[in-house]
Amino acid sequence: MSEMYNHHVVEKKWQKVWEENKPFRATTDYTKPKFYALVEFPYPSGQGLHVGHPRPYTALDIVSRKRRMQGYNVLFPMGWDAFGLPTENYAIKNKIHPAVVTKNNVARFKDQLQSLGYSFDWEREVNTTDPDYYKWTQWIFLKLFKAGLAYKKEMPINWCTSCKVGLANEEVVNGVCERCGSPVVRKVKSEWMLKITDYADKLIDGLDSVDYIERVKTQQKNWIGRSEGAEVDFKLKDTDEILTVYTTRPDTLFGATYMVVSPEHPLIDKYKDRIKNWDEIIAYREMAARKSDFERTELAKDKTGVVIDGLSAINPVNEKEIPVWISDYVLMSYGTGAIMAVPAHDTRDFEFAKKFGLPIIQVVEGPDGQVDLDKEAFTDVQTGTMINSGFLDGLSVEEGKEKIKDFLEEKKIGHRKVNYKLRDWVFSRQRYWGEPIPIIHCDDCGYVPVDESELPLLLPEVDSYLPTDNGESPLAAMTDWVNVKCPCCGKPAKRETDTMPQWAGSSWYFLRYTDPENKEALASKEALNYWMPVDWYNGGMEHTTLHLLYSRFWHKFLYDEGYVTSPEPYQKRTSHGMILGENGEKMSKSRGNVINPDDIVRDYGADTLRTYEMFIGAFDLAASWSDDGVKGCRRFLDRVWKLQDMVVPGDEFSKENEIKMHQTIKKVSNDFENLKFNTAIAAMMELINVFYKDKKVNKKEYETLVTLLNPVAPHMTEEIWEVLGHTDHVYEQSWPEFDEAKTIEATVEVAVQINGKTKGTVNVMKDAEKDVVINAAKDMLGARLDGKNIIKEIYVPGRIVNIVAK
RNA sequence: GCACCAGUGGCGGAAUGGCAGACGCAGCAGACUCAAAAUCUGCCGGGAGCAAUCUCGUGAGGGUUCAACUCCCUCCUGGUGCACCA
């Protein structure tokens, strides 16, 4: 009898072997076929690993292990996205340098990951806070700066009152800080910006060439928010002024009954003298400015606004005079900050017009003519027909759009225009624990880049990491560091004291893994050529509009500059679901439903945790934790272990199990590729149930099972392999092959139905003729067909017989 | 409000036009045991029937089809993302 499986001993034993033999090292043999599997590198937080981490890591570990056995040169790396606020805040609170905090957290994370037996190539570990790494983050920034894609701008930024830091739009959730939940207010600051908007079209178009799950593509497209429309010029009455608006519905121009400009629109100040209700306008503008993002969202349902008394506009297509209003439902940051309002065919304009009693003119008719403009605007562009629109009458909306655009361009009163929701990326953080921005400001020369030879520009040692109340970075207090000579003219100048956001280091880390020690370049051309693009990148949906978009932007920029050779960084992107607590809620300390992976590894073993997280449910959906489910997976592994006592000799599959073996190899192989780990494991469970029923398994069958299971449960399967007398290892074996012909049984069980209701089954040869099967089915049905009139007989080979009878 | 995803036994889930509930958990029964645990074996959606069997059943309602968990329409519920983007 075999000993009971001892995961403590066995897992440590094999982890040591892997550490010493380094079988998972990616080689520099660039002649072999390559496979680059990537998982998002973690932020090494003080809490340690969460049970959510192993789900994606195990998934790609399985795929990586399988690919190695299939002969690929596999790159499956891991590293640390270690700059960031929590570390800095912890450092401030406990008076420990953030670099020390980071070092400790990384050590803990690494221990935990190694205890799970991942086949990462630890020789390629990267850390974004390592100067040898952030040297290249700074280098990329300088390239962006030199290409005109990094610029400084005075702008109202999202300011977190608690973190005392500027936030990107992406980091503000419902008007509060994504990290700490404190209110976010507007504050005008001079900030570094990256012109991601220059890449809007490339970021959309590139999606056609990659294999991302549809959800990710849709979300990125929506986030970039490309819209095609037109800019139209309206004359202001009795002035030479032109008020330009952006619209996606130029076809409805005849229905414009008023205009609205944003409260911040410069036109207002320019015509101050003409405006008769100036006090009212100023009061409204101040009220709008005071609203936080949160209030603006909350109040979205109720439209407010003030008519500008003294200004009016002329509709260029019919010369009608229409009033001009200000309202905060028009945003200065989108389009031209002004709109033409067509209340009949725009929901927001409709609400506004109803509230203020403005005229509503219908210019599009529904298919049945029934449009109730008392209740709501008619916004359907598919079925509408133009009316009350002069030369557009009778056209469809689509035709109308094109014809009016031609007209506008011909008469020089407007032109086609594409707009995006995407904004430039706010790249400054007033914080210590980030990459210093390598720029020097000189009063005479302006912003001067630090010479590339001086990179990395190291973070100076400071005593206090506390942010200042006036919004300056802690670095600003370091006068020795700040005051430098201008590299250009030699006069006294100052260093930039803002640091980069956490997204910087993660925007290119996948490139560094290909050649992590390189001193001359971010990675060698040869390494990049061979390894890029990443073949399979798995990560959380929450990174779709942040990290994933930012890193595609940087990569496309590096491609345009000739530093990388693939236009897209990731060939395939998949996403995993969250692991919820046992009660179906998100795991959190306050809910008291947190599971610590260390406890599971200690009590049941890493192989059990890995198997369980893969068996828990569909990979892309959220799943609730279950302690009983964990036990079930351990029971399965124990049953595999105990098959040792039932082994009989055999160099080939036994006759009775041959088909089942080929079927299982096929199912497991395919399911691993398609993220269907749960059904792959179910197939292996079915297989061992067969062995248990027979109370025997031949050696070849057992070895095959062990090989198939190895990517999921690598420790136990190596141990079994050794017990079976092998001196080599499972990871050196070839992935089992299946023979398609041998996955098909000679006879098949065909369901027999009358009028689609199943009555029983018949066994027939797999390639039996239709007549034979139908007759067998009729025999089986016997008296049940008596007195019935057969109308139709359907046979789907190998599947079903359906007799339609009355 | 808009978009996307999901809704199947007591529970996690399988089946994406062809025998609904694979596999696992929990439960029940048996074997082993002095006993318990562990392990092994069997049963395990509802209703009717001694039974063979019949019948209902995949959030609700309608439709397409010989056949619908699967496709189409309307609605309900939950989750996620976006949210005055003209």
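Note on naming: letters A, B, ... go to the chains in the order of the sequence lines (proteins, then strands), and numbering restarts at 1 for each one. The basis for the numbers below is simple: all heavy atoms, side chains too, and nothing from hydrogens, waters or symmetry mates.
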Seminar exercise, completed: Atom CD1 of I791(A) and atom P of U65(B) are separated, to the nearest Å, by 15 Å
Exercise. So does S227(A) get a side-chain nitrogen or oxygen closer than 4.0 Å to the phosphate oxygens (OP1/OP2) of A86(B)?
Worked result: yes
Problem set entry | C1' spacing across the pair C54(B) / G49(B), given as an integer number of angstrom | 9 Å
For this session: Mind calculating the distance between NZ (K221(A)) and P (C82(B)) to the nearest angstrom?
Result: 18 Å
For this session: Remember a base hit wins even if backbone is also touched, and classify Q753(A) as base, sugar-phosphate or nothing at under 4.0 Å, heavy atoms.
Result: base
Exercise. For G9(B), is chi within 90° of 0 (syn) or not (anti)?
Worked result: syn
Exercise. Do V324(A) and V307(A) come within less than 4.5 Å of each other through their side chains, counting heavy atoms only?
Worked result: no
Exercise. Do E749(A) and C19(B) have a side chain to base donor-acceptor pair shorter than 3.5 Å?
Worked result: yes
Exercise. What is the distance from NZ of K792(A) to P of U65(B), rounded to the nearest Å?
Worked result: 10 Å
Exercise. Which dot-bracket notation, 5' to 3', represents the base pairing of RNA chain B when pairs are defined as Watson-Crick or G-U with both distances under 3.5 Å, crossing pairs as [ ], and inter-strand pairs as |?
Worked result: (((((((..(((.....[....))).(((((.......))))).((((....))))..(((((..]....))))))))))))....
Strictly under 3.5 Å: I want the nitrogen or oxygen pairs between protein and nucleotides 3-6 of chain B, one per line.
none

Every protein N/O within reach of nucleotides 70-74 of chain B N/O, cut-off under 3.5 Å:
none

Exercise. So what does V804(A) hit on the nucleic acid, given a heavy-atom distance under 4.0 Å: a base, only sugar-phosphate, or nothing?
Worked result: sugar-phosphate
Exercise. Which whole number of Å gives the distance between the P atom of A31(B) and that of A37(B)?
Worked result: 14 Å
Exercise. Distance between the P atoms of G79(B) and G24(B), in whole angstroms?
Worked result: 32 Å
For this session: May I ask you to say what N419(A) touches in the nucleic acid, namely base, sugar-phosphate or nothing, with a heavy-atom cut-off under 4.0 Å?
Result: nothing
Problem set entry | Exercise: do N689(A) and R639(A) side chains pair donor with acceptor under 3.5 Å | yes
Exercise. How many Å lie between OH on Y258(A) and C1' on A86(B), as a whole number?
Worked result: 11 Å
Got a list of protein N/O to nucleotides 52-55 of chain B N/O distances below 3.5 Å?
unit_1	atom_1	unit_2	atom_2	d
C54(B)	OP1	R784(A)	NH1	2.9

Exercise. Where the side chain of K757(A) is concerned, which of G81(B), C56(B), A86(B) is the nearest nucleotide?
Worked result: C56(B)
For this session: Mind checking side chain to side chain contact (heavy atoms under 4.5 Å, CB included) for K666(A) and listing every partner two or more places apart, or none if nothing turns up?
Result: N670(A), F738(A), E740(A), T743(A)
For residues 331-344 of chain A, tabulate all N or O donor-acceptor pairs below 3.5 Å that involve a side-chain atom, not counting sequence neighbours.
unit_1	atom_1	unit_2	atom_2	d
S333(A)	OG	R423(A)	NH1	3.3
Y334(A)	OH	S227(A)	OG	3.2
T336(A)	OG1	T244(A)	O	2.6
T336(A)	OG1	A338(A)	N	3.4
T336(A)	OG1	A338(A)	O	3.3

For this session: State which of G18(B), C19(B), A14(B) makes the closest approach to the side chain of T761(A).
Result: C19(B)
Problem set entry | Length of the line joining I213(A):CD1 and G81(B):C1', which is rounded to integer Å | 13 Å
Exercise. Donor-acceptor pair, T758(A) side chain versus G760(A) backbone, under 3.5 Å?
Worked result: no
Exercise. Do R55(A) and R610(A) pass the side chain to side chain contact (heavy atoms under 4.5 Å, CB included) test, and can you show the C-alpha distance, the side-chain angles, and the key distance before you say yes or no?
Worked result: CA-CA 8 Å; R55(A) 200 180 192 191; R610(A) 294 168 60 111; over 6 Å; no
Exercise. What distance, rounded to whole Å, do you find between the two P atoms, one in U8(B) and one in C2(B)?
Worked result: 25 Å
Problem set entry | Parallel, tilted or perpendicular: rings of W325(A) and F356(A) (30°, 60°) | tilted
Seminar exercise, completed: The side chain to side chain contact (heavy atoms under 4.5 Å, CB included) partners of K667(A) (sequence neighbours excluded) come to D671(A), T679(A), A683(A)
For this session: Sorted by first residue and then second, give each side-chain hydrogen bond (donor to acceptor under 3.5 Å, both in side chains) pair with at least one member in residues 791-805 of chain A; sequence neighbours left out.
Result: K778(A)-E793(A)
Exercise. Base, sugar-phosphate, or nothing: which does K676(A) touch, judged by heavy atoms less than 4.0 Å apart?
Worked result: sugar-phosphate
Exercise. Say you pick atom P in G46(B) and the same atom in G21(B); how far apart are they, in whole Å?
Worked result: 14 Å
Exercise. Partners of Y212(A) by ring-ring contact (aromatic ring centres under 6.0 Å, His included), sequence neighbours excluded?
Worked result: none
Exercise. When the P atoms of A36(B) and C19(B) are considered, how many whole Å apart are they?
Worked result: 43 Å
Exercise. For the pair made of CZ in R799(A) and P in U16(B), what is the distance, rounded to whole Å?
Worked result: 8 Å
Problem set entry | Rounded C1' spacing from G9(B) to C69(B) in Å | 14 Å
Problem set entry | Six-ring centre of F352(A), K303(A) cation under 6.0 angstrom, axis tolerance 45° | no
Exercise. Under 4.0 Å: is that the gap between some side-chain N or O of K642(A) and OP1 or OP2 of A38(B)?
Worked result: no
For this session: May I ask you to decide if the ring planes of Y550(A) and W425(A) are parallel, tilted or perpendicular, using 30° and 60° as cut-offs?
Result: parallel
Problem set entry | Euclidean distance, atom CD of residue E214(A) to atom C1' of G81(B) [Å, nearest integer] | 15 Å
Seminar exercise, completed: Going 5' to 3' through nucleotides 23-29 of chain B and flagging B where a protein heavy-atom sits under 4.0 Å of the base, S where only the sugar-phosphate is that close, and - otherwise, we get BSSS---
Exercise. To the nearest Å, how far apart are W223(A) CH2 and C82(B) C1'?
Worked result: 8 Å
Exercise. Is the H543(A) ring parallel, tilted or perpendicular to the W503(A) ring (thresholds 30°, 60°)?
Worked result: perpendicular
Exercise. G13(B) and C4(B): how far apart are their C1' atoms, nearest whole angstrom?
Worked result: 22 Å
For this session: By nearest nucleotide on RNA chain B, pick out whichever of G756(A) and A623(A) is the more 5' one.
Result: A623(A)
Problem set entry | Residue pair D627(A) / Y604(A), side-chain donor-acceptor N/O under 3.5 Å | no
Exercise. Taking atom types as modelled, is there a side-chain donor on D620(A) or H576(A) under 3.5 Å from an acceptor on the other?
Worked result: no
For this session: For R215(A), check salt bridge (Lys or Arg N to Asp or Glu O under 4.0 Å) against everything at least two apart and list the hits.
Result: none
Exercise. Listed by chain and number, what are the side chain to side chain contact (heavy atoms under 4.5 Å, CB included) partners of V397(A), not counting sequence neighbours?
Worked result: R249(A), D251(A), V364(A), V381(A), M386(A), K401(A)
Problem set entry | Test item: side-chain donor near acceptor, T304(A) and Y284(A), under 3.5 Å | yes
Problem set entry | Within-4.5 Å side-chain heavy-atom neighbours: L243(A) and V261(A) | yes
Exercise. Between G760(A) and M578(A), who's closer to the 5' end of RNA chain B by nearest nucleotide?
Worked result: G760(A)
